[in-house]
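The structure appears right after this line, and notes come after that.
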2 protein chains.
Amino acid sequence: MQVRSKIWVEVGGEPVFGRGRRFLLEAIDKHGSITRAAREINISYRRAWSYINAMEERLGIGLVERHTGGKNGGGAVLTDEARRFLEKYALLEEGVRELVDEKFKNIFTGERDV
Amino acid sequence: MQVRSKIWVEVGGEPVFGRGRRFLLEAIDKHGSITRAAREINISYRRAWSYINAMEERLGIGLVERHTGGKNGGGAVLTDEARRFLEKYALLEEGVRELVDEKFKNIFTGERDV
DNA sequence: CACCCGTTATGACTTTTTTGCATAACGCCG
DNA sequence: CGGCGTTATGCAAAAAAGTCATAACGGGTG
């Protein structure tokens, strides 16, 4: 038995940013490509593309600058706004998971089962 | 733009307890009936029933004692184990959401947009 | 004792969401 | 001017969630 926790941001009731999307953006930053980013975090390109589109549409800002064709076939880079958003989200997550894990241990430990 | 957070317990990678299930059990306790509980929290009886079954199977303990037929057509009551679990889960959630909301306000407030 | 009632319990079907596959378009480069 | 590795989408397949219908149950009631 283990505890899990999750923090995400919504706009108009629709999710726009969470841990998965954070990893996606970070991987794009690392690889300069949506395709390779998706491969790294084990989701389909389709899904990654949908995530990015939805995020941008709902936030109303550009997060990923894309280039089709050209050197290396193209690629994608994060905008400054995406980087700022990543920073803020990191701050938001900071410490929360650790707190929850700690609480879980204190409350649920010391039993045979359950 | 608003923040949301969620804490849940898993067994073997499968969720067994979260806020929705907590509300369900509390509603069953209140009404003495799965049907009425489901109606109150706005999910189908089918779904409520599936939740209960999955929880019990994965936790390996009985949570809801069910009676078919009889007075009032039957009904359902929580077991002591279910009550204990509810208490622990409440402790686990306590304060976390408030913390996240507070952090969110501090980090994301004071902007035109985004 | 036969029927009524509201509940639990399920199977079957429908709708929605998610996932995956195939393919077009792009533009530098050798 | 064809090759390459991307981005970009439409469409089909699969999975999940939701809906509906109905059986079984057993105390209460007349």
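Note that the coordinates shown come from a computational prediction; the quantities given were computed from them, not determined experimentally. In what follows, chains are A, B, ... by sequence order, proteins preceding strands, each numbered from 1.
Judged by the 6.0 Å and 45° rule, A/Arg21 forms a cation-pi pair with A/Tyr51.
The aromatic ring centroids of A/Phe85 and B/Phe108 lie less than 6.0 Å from each other.
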**Asked** Which letter, B, S or -, goes with each nucleotide of nucleotides 3-12 of chain D from 5' to 3', with contact meaning a protein heavy atom under 4.0 Å?
**Response** --BBBBBBB-

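Using a cutoff of 4.0 Å between basic side-chain nitrogens and carboxylate oxygens, B/Glu10 and B/Arg58 are not scored as salt-bridged. The existence of a salt bridge linking B/Lys103 and A/Glu94 is excluded, since no basic side-chain nitrogen approaches an acidic carboxylate oxygen closer than 4.0 Å. Ionic pairing of B/Arg66 and B/Glu56 is present here: one or more N-O contacts between side-chain nitrogen and carboxylate oxygen are shorter than 4.0 angstrom.
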Interface polar pairs with nucleotides 15-17 of chain D, N/O, under 3.5 angstrom:
none

**Asked** Hey, mind stepping through B/His31 and B/Arg39 against side-chain contact (heavy atoms from CB on, under 4.5 Å) and telling me if it holds?
**Response** CA-CA 11 Å; B/His31 289 112; B/Arg39 201 174 302 151; over 6 Å; no

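Side chains of B/Tyr89 and A/Ile107 form no contact here, defined as non-hydrogen atoms less than 4.5 Å apart.
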